[in-house]
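Following: one structure in structure tokens, then a few remarks.
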Amino acid sequence: MSELNQHIGNQSGRTPVRELYAVQSDILHKQIIVTGGAGFLGSHLCERLLRSGHRVICVDNFSTGSKQNIMHLLGYDTFSVIDHDIVEPFDLEADEIYNLACPASPPHYQADPVHTTLTSVLGAYNLLTLAARYNARIFQASTSEVYGDPHIHPQVETYWGNVNPFGPRSCYDEGKRCAETLFFDFHKAYDTEIKIVRIFNTFGPNMRPDDGRVVSNFIVQALKGEDITIYGDGKQTRSFCYVDDLIEGFVRLMAADASVTGPVNLGNPGEFMIGELAKIVIDLTGSRSRIVHHPLPVDDPRQRRPDISLAMRELGWQPQVQLTEGLEKTITYFDSRLSLSGNRLREMAR
Ligand code: NAD
Ligand code: UDP
């Protein structure tokens, strides 16, 4: 049995595990559940919370997350992992809950759209029930996708969005919108302390090479010397936030006064065309890759850029890492992860 498997408890149905993880009556060090903790963002969040001295329980079904992302955290005796699907109810005591569980990349969330909707809606319901039972503060990883293909630019939190209710992206967009509704209704009905962030495209180490989102696709293609696949004409825009900046925003929102419920936009307001991003990645990697164009996916939003005035005002937060700096770090990560027998792909792709 691997070291990780020894740390993983298997959760099916309603197994009560709170006996195993009784909350310590320690004011400084909280017991914190991170769902989706083995994913890209979740693994960074678990590390940040463990470094701050908290007891962290990662709950993940390992659908898009990986054991590799959390292997380095096993040295903390304050870290535990539970293999569980949040669509199924479970019982676990906590002071705080971060709900990040949900596939985030279009090809992954569209692979099983019914399960994606259930993850957002039933998963949120199950976690809100826990939060209400144990009086825990609960955080929801919502998304800029709640704005759909936006008519207001940049997007402010008061904008209600332009979302197709039954297109290929709807399982994700509408699931996340309904989760926000559930959060606010628990807040009103049971005084549950809620924190909602709307995350704009974020990138960095611990993304899967086959994640399918644009930054990881372009970097992996450039490092392998393969064609860089721009969908559509490449004039659609996105704003890219480096993972460390985002996690700082998460922690600040969770620590903010109870009256700060969100939703709060977190993202980098720098706006880039996808064609520009492809050229930057080619430049930074020095790759010989060619750019090719593929059809634009259905309902692909034309533009995306956060208005972060609320986060600046309420959390004193704004991104610190520029796009090229974040891309360099991410390129180094993928280069070392994908390199074979010590041969750096970056050298071979030139
Ligand atoms: P990811 O796919 O890397 O991580 C998702 C994690 O959730 C994985 O570990 C996966 O195994 C787990 N998971 C999925 N369904 C589950 C279920 N039913 N039960 C238990 N675990 C489950 O994605 P990410 O980029 O780390 O995104 C994390 C969260 O942030 C998601 O909720 C996503 O919607 C949100 N978000 C991310 C971005 C971004 O740019 N990264 C943007 C907007 C919103
Ligand atoms: N995209 C692209 N090539 C790829 C992957 C994505 O041109 O290999 C485009 C995609 O069509 C979208 C943008 O890049 O316009 C961002 O896509 P991503 O999947 O990263 O995030 P989202 O669409 O959810 O914002």
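Just follow the structure's listing: the first ligand is 1, and inside any ligand the first atom is 1.
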Filter the ligand 1-protein atom pairs down to N or O on both sides and distance under 3.5 Å, then list them.
| residue | atom | partner | partner atom | Å |
| --- | --- | --- | --- | --- |
| ligand 1 | 2 (O) | Thr64 | OG1 | 2.7 |
| ligand 1 | 3 (O) | Phe40 | N | 2.9 |
| ligand 1 | 7 (O) | Cys102 | N | 3.4 |
| ligand 1 | 9 (O) | Gly39 | N | 3.0 |
| ligand 1 | 9 (O) | Asp60 | OD1 | 3.2 |
| ligand 1 | 9 (O) | Asp60 | OD2 | 2.5 |
| ligand 1 | 9 (O) | Gly65 | N | 3.3 |
| ligand 1 | 11 (O) | Asp60 | OD1 | 2.6 |
| ligand 1 | 11 (O) | Asn61 | OD1 | 3.4 |
| ligand 1 | 11 (O) | Ser63 | N | 3.0 |
| ligand 1 | 11 (O) | Ser63 | OG | 3.4 |
| ligand 1 | 11 (O) | Thr64 | N | 3.1 |
| ligand 1 | 11 (O) | Gly65 | N | 2.9 |
| ligand 1 | 13 (N) | Asn61 | OD1 | 3.3 |
| ligand 1 | 18 (N) | Asp85 | OD1 | 2.9 |
| ligand 1 | 18 (N) | Thr119 | OG1 | 3.1 |
| ligand 1 | 19 (N) | Ile86 | N | 3.0 |
| ligand 1 | 21 (N) | Asn61 | N | 3.1 |
| ligand 1 | 21 (N) | Asn61 | OD1 | 3.3 |
| ligand 1 | 25 (O) | Arg213 | NH1 | 3.0 |
| ligand 1 | 25 (O) | Arg213 | NH2 | 3.0 |
| ligand 1 | 26 (O) | Phe40 | N | 3.3 |
| ligand 1 | 26 (O) | Leu41 | N | 2.8 |
| ligand 1 | 32 (O) | Leu100 | O | 2.9 |
| ligand 1 | 32 (O) | Lys176 | NZ | 2.8 |
| ligand 1 | 34 (O) | Tyr172 | OH | 2.6 |
| ligand 1 | 34 (O) | Lys176 | NZ | 2.9 |
| ligand 1 | 40 (O) | Thr202 | N | 2.8 |
| ligand 1 | 41 (N) | Arg213 | NH1 | 2.9 |

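Distance check: Asp173 CG to Asn164 CG gives 8.5 Å after rounding to the nearest 0.5 Å. In this structure, Phe200 CZ and Asn265 CG are separated by 4.0 Å, a value rounded to the nearest 0.5 Å.
Arg238 has a carboxylate O that lies under 4.0 Å from a charged side-chain N of Asp300, or vice versa, which qualifies the two as a salt bridge. Ion pairing between Glu276 and Lys279 fails under the 4.0 Å rule for side-chain N and carboxylate O. With respect to Glu96 and Arg137, no salt bridge is recorded, no charged nitrogen being found less than 4.0 Å from a carboxylate O. Glu248 and Arg48 are joined by a salt bridge, as a carboxylate oxygen and a charged side-chain nitrogen come within less than 4.0 angstrom of each other. At a threshold of 4.0 Å, the pair Glu145-Arg304 counts as salt-bridged, since one of the basic side-chain nitrogens sits closer than that to a carboxylate oxygen. Between Arg169 and Asp299, none of the side-chain N atoms (NZ, or NE/NH1/NH2) sits under 4.0 Å from a carboxylate O, so this pair counts as no salt bridge.
The immediate protein surroundings of ligand 2, defined as residues with any heavy atom under 4.0 Å of it, consist of Pro106, Glu145, Arg169, Asn201, Gly212, Arg213, Val214, Asn217, Phe218, Thr229, Ile230, Tyr231, Gln236, Arg238, Ile274, Pro297, Asp300.
Here the side chain of Asp257 pairs no donor or acceptor atom with the backbone of Val260 at under 3.5 angstrom.
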